Structure formats: C-alpha cells, structure tokens
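Have a look at the structure below, then the notes.
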Amino acid sequence: MLEKTGVPTPAQVEAVKPSPERLTEGPVVIVECFQEIPCDPCYTACKRGGFLPFADINDLPRMDFAKCNGCGICIGACPGLAVFVVDETYAEDKALLMIPWEFLPVPEEGNMVKGLNREGDVLADVEVKKVRSAGSHNQTSILTLIVPKKYAHDIRSIRVD
Amino acid sequence: MNKAEILVIGSGPAGLKASLSAADQGAGVTLVERDPFLGGQLVKQTHMFFGSKEQYASERGFKIAEKLTAAAEEHPGVRVLKGAAALGYYDDNVVTLELKGRVLPVSYDAMIMATGAQENTLMFPNCDLPGIYGAGAVQTLMNVYGVLPGKRVAMLGAGNIGVIVSYQLLQAGVEVPAIIEAAPEIGAYHVHASKVRRMGVPIYTSQTVVSAHGSDALEKIIMVELDDSWQPVPDTERELDVDVLCIAVGLTPLTEILFQAGCEIAYIPELGGHVPRRSAVMETSVANIYIAGDVSGIEEASAAMVEGTIAGLTAAFNLGYGRDSYEQKIAAANLELDALRKGPTGEKIRTGLQNLKKTGEVRQ
Ligand SMILES: Cc1cc2nc3c(=O)[nH]c(=O)nc-3n(C[C@H](O)[C@H](O)[C@H](O)COP(=O)(O)OP(=O)(O)OC[C@H]3O[C@@H](n4cnc5c(N)ncnc54)[C@H](O)[C@@H]3O)c2cc1C
Ligand code: SF4
Ligand code: SF4
C-alpha cells in the first residue's frame, strides 16, 4: 500500500506508536519512516538518546521513548517530514500535535486551519497553538496544533484556507 | 594555449568536490561550467537532503550549493570559468571551450568529467505541445527564475525527482491533480511520497499517459491503466484537464566528450545507459581522464560528492600531490560510499556497478 499510494497501512502506523502508557505520560515523538533509506539526521538531531544509535545509515529509526521529552527538535531535521510529536495529556478530549510545515502562508497562533489525514482528507478544524521556526538555516516551521484526541494519530498535515 | 593542471568539467556536487579535494592537496584546478552559476542540480533543490552529516544531510540543496560554491571561488588553487561550455576533445589532452562566443582550447594534465546527466523524454501523440516539460525545466523556471510553469500540472513519473518536483509545485501554489507512474510501485523514497500524498495529491501507479490534446497548448491528457506486462487495459482511458504535463522519467549520463576521448563505454541500464568503465578510484580507460557523479551512473548528490572527492584526490595523487594523505582519505571516502549504497535503495546501483565490473577491469 505505502509503495503504491504513499499512504502507510494502519498496521505500519500502529507498529511505530509509543505504548499507551508512554502516551499518558506526556509529549512523545512518533516517527513514521518505514523504508530503509540512506538517511540519519533524525538520530543526530536528538541529544537525549530518543533515537537508538544507527549501526548503519540505512537503518530504520528505532526509539527509546523513555528518553524522549517531546521537544520536537528532530521534527525539523527530518528531510522526509516523517517525524511528529503527540501530547495526549493536554486536555480531556484534545491532544497537542506537532507537525513540520513548509508552505506559505505559515499560519499564525490562534488561527483555525483544516486538519488533514495521511491522504489529504479533512478530518477536523484545528487551532494552531504555537508556531516556531526549526532554525534560521532551515526554514521549516514547526506547528503545534490542538486536535481532537481521537484524531491525534490520524491528522498529519493541515490546509490553510 | 591555455593550460590547466587539472581541468574539471561541470560544477555540480561532483565537480565542486573534485575541484576542492584536488586543490586541497596542492594541485592547480580549472573548473569550467556552462551555466552562469555554479552548483549544477543543487541550485534548484529547495528541499532538505537525505544522507548523513558528511554529505550535509537535512540541509537544503541550494544551501549546499552556496557553501561549496563559496569554498571553490575562495580557494586560491581553483580557477573558475563560468558560462564556459566544453565542446569537444582533441588529441594530446586538449578540450575546447565556448566562452563569450569564442572558442578557447585548453590543455590539461588530468581531466575530471563531472557533466551530470540529461533528462529522458517520452514519445506519445502531441508530446511536443507547449505545456509539456521535462521536470528539470519546470524546476529551473520555478526555482532559478521564479516563473510558474502553469496552474494545473500532472506529473509523469513517481521517482524521487517526480515526487519532489510535485512537492515544490505545491509549495509554489500550483495544483497537482495527479502523479502518474507506469511501474507498479512508487520509485521515490516513501517518505517523500507520503508528504505529497498528505497534501491531497493522488499517486496513480500502473498507469501512464497515452496522448496529449490542445489546440495551441496543452489542455488535457489521456491516462490509461497498465496490466502486469505494462500493456494498456482496454476501456480504462480517462481524461484529465491540465495546462502542464511534467515528465520525470529518468536521466541519461552526459558522456559525449568521454566517447570522443576514446574512453571505453559500457551499456548498463541500472546506471542510466551508456557509462564509462572506470577503476575503483574513478579513472577511465584513458589515462588521466576521471569521472564523478551522475555522468558515471545516475545516483544521488551525496554519492556524487564522495565520487568527486575520490576523483579529485586521485587526479592530484597521480600528478604527485598529497602522497602522504592519499590512502587514508580514499579509505574514508570509500567507507562513506559503501554506507550510502548498502541499503535496499542502493540495490540498483550495486547491481549496475557489479555488471559494469563484469565487462572487465580498468587498471588496478
Ligand atoms: C528534483 C531532484 C531532486 C533531487 N534530490 C536529491 C536529494 O534529495 N538528495 C540527493 O543526494 N540527490 C538528489 N538529487 C540528485 C542530485 O541532484 C544529482 O545526483 C547530482 O546533482 C549529480 O551531481 P553531478 O555533479 O554529477 O551533476 P549535476 O549536478 O547535474 O552537475 C553537472 C554540471 O555540469 C555542467 N555541464 C554539463 N555539460 C557541460 C559541458 N559540456 N561544459 C561545461 N559544463 C557542463 C552542467 O551545467 C551542471 O552544472 C535530486 C535531483 C533532482 C533533479
Ligand atoms: S522530540 Fe526531542 S527528545 Fe524526543 S526524539 Fe525528538 S529530539 Fe529527541
Ligand atoms: S531523518 Fe526522517 S527520513 Fe531520515 S531516517 Fe530519520 S525519520 Fe527517516
């Protein structure tokens, strides 16, 4: 499926998800990178050991979720835009979701935008809580969105209308 | 006549690294580039690159070009000639350049060919209508000159180039209603495919374009589904209204001058077609002519840079420069290349290089 449509299967997505216990403990990274490619900047970006060391540059990222504090630094380092941070502890029925964003306009804090799933379909209206730059050299923005908790693992992009 | 100790032709990542590594060893380098700027394909790449820190991973292509260009232009050992196209090879180590409308012969002790590749195209009825472009042209228009190619663009080819250029079109505000791929699977890195898919762009595998239509310029294309043997499935034609069709169906190495110089060439489909045979350190069958980057086989900028380093070090070594550090630097470069090619996405390159080797050894 991924190799035909660009959309990972539910099983692939499930396999890289942190445990339910870890998700209740606060913000944590989710890395949706399913193909061995010669690439490792996610690993070199994290200074906390959230990524297990790559023995080979083609390795798939493997995580030590206990070491990750959800800072989001690795989001802007990933050329595949495959890294996200989810915080399920934000509110009763809302979660925070950090995504990389490389389009104009860059939404402003407080804006309402459309939350899109992995196929680009609109799932919900979501609020932009925070906008930060991944660094002056980089130009990727990192958006923190307030999303319905039930969609925290489905929304992966936005549309600014 | 103009004299160059090491003449490097082409200033993409391969040529730039070749120039820098040779000049660092103490050799005198003349770098010629037909474009008015250095950087080759890199200047058009606005996305972050893969690879590892050594190959500037997660930096954007044009930023890598800026860094390497500045290093080459500031290096006392590198003379840069921009707007200078190499035209042909003559006996006794002479290449002619076209510079400002004049022909300039240059003689060299060693030459490193880093001319990159040209785009493949596709034949179908009306494939010459205005509005049908190669992906490279679309990228040059958009990212070098700031000109939009159109409003609604269909992409033919779901390799890295097709998918990345689609993403860049979306970033420029252009609608991309389809990425069409004849193969049953997406060739691009899947993370790239996922990032255009989640912006709502459908990727159609096992489909192709059979014809284009429009009176003065492209107005629509006809797509068709393909069966397991790549034959059109009857009654699956459908129309798609677009004003641009962007073709990204692969690259072919630019080897003409190497042919002329008498370098032995082999046909290796996995490497993009006709490629020069080479030693393990990038020397061709003609002594003192080296190759690096896409001209030696279509691969990536990351590998092109390492090959450039190897070719530059070796050309300098064979002229007597950097004897002390050569072995060690080559060993480090080979480790980098092996790592880049080791995984499943490197399989095509590994197969191609093996098949090339089977055609016989070149020197060591
Ligand atoms: C859309 C796209 C995305 C890409 N993304 C990535 C990526 O994410 N990561 C990655 O590693 N690679 C990527 N690549 C691949 C990478 O750009 C190429 O593999 C790399 O640029 C090859 O380097 P090169 O130096 O061999 O050739 P080029 O970059 O093509 O440079 C060749 C140079 O030679 C010059 N030249 C040619 N003939 C002559 C002549 N006769 N006289 C004088 N000059 C001449 C050309 O003008 C050009 O400047 C991408 C390529 C494209 C098109
Ligand atoms: S979110 Fe921060 S701590 Fe967690 S893996 Fe990424 S960089 Fe490391
Ligand atoms: S940086 Fe991104 S694409 Fe590269 S290995 Fe890490 S997660 Fe995968």
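Being a predicted model, the structure only gives us computed values, none of them experimental. Labels below follow one simple rule: chain letters A, B, ... track the order of the sequence lines, proteins then strands, and each chain is numbered from 1.
Contact annotation for A/Ile57: only side-chain heavy atoms (C-beta onward) come within less than 4.5 Å of a heavy atom of chain B. Interface remark: A/Asp56 contributes side-chain atoms only to the contact with chain B (heavy atom separation under 4.5 Å). Contacts of B/Leu170 with chain A are made by both backbone and side-chain atoms, with heavy-atom separations under 4.5 Å. For A/Cys42, no part sits under 4.5 Å from any heavy atom of chain B, backbone or side chain. Proximity to chain B (any heavy atom under 4.5 Å) is restricted, for A/Leu116, to the side chain, taken from C-beta onward.
Less than 6.0 angstrom separates the ring centroid of B/Phe50 from the ring centroid of B/Tyr189.
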Inset, instruction - For side chain to side chain contact (heavy atoms under 4.5 Å, CB included), just list the numbers for A/Arg132 and A/Leu143, CA-CA rounded to whole Å, side-chain angles, deciding distance to a tenth of an Å, and then say yes or no. - result: CA-CA 6 Å; A/Arg132 78 179 200 229; A/Leu143 309 181; over 6 Å; no
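A donor atom on one side chain and an acceptor atom on the other are not found under 3.5 Å apart for B/Glu300 and B/Gln55. Counting only N and O atoms by type, the side chains of B/His47 and B/Gln171 include no donor and acceptor under 3.5 Å apart. A donor-acceptor pair shorter than 3.5 Å can be found between the side chains of A/Glu102 and A/Thr140. Looking only at atom types and distance, the side chain of B/Gln168 has a donor-acceptor partner in the side chain of B/Asn143 under 3.5 Å away.
Interface summary for chain A: among B/His190, B/Glu181, B/Lys53, the most heavy-atom pairs under 4.5 angstrom belong to B/His190. Among the candidates B/Lys195, B/Arg197, B/Lys342, B/Arg341, the residue making the largest number of heavy-atom pairs closer than 4.5 Å to chain A is B/Arg197. The residue among B/Ser194, B/Ala193, B/Gly187, B/Gly346 with the most heavy atom pairs within less than 4.5 Å of chain A is B/Ser194. When each of B/Met48, B/Arg198, B/Met199 is checked for heavy-atom pairs under 4.5 Å with chain A, B/Arg198 comes out on top. Between chain A and the options B/Ala172, B/Gly343, B/Ala57, B/Ser52, the largest number of non-hydrogen pairs under 4.5 Å is found for B/Ser52.
Look at A/Asp161 and A/Arg159 and you find a salt bridge, because one of the NZ, NE, NH1 or NH2 atoms lies within 4.0 Å of a carboxylate O, short of that distance.
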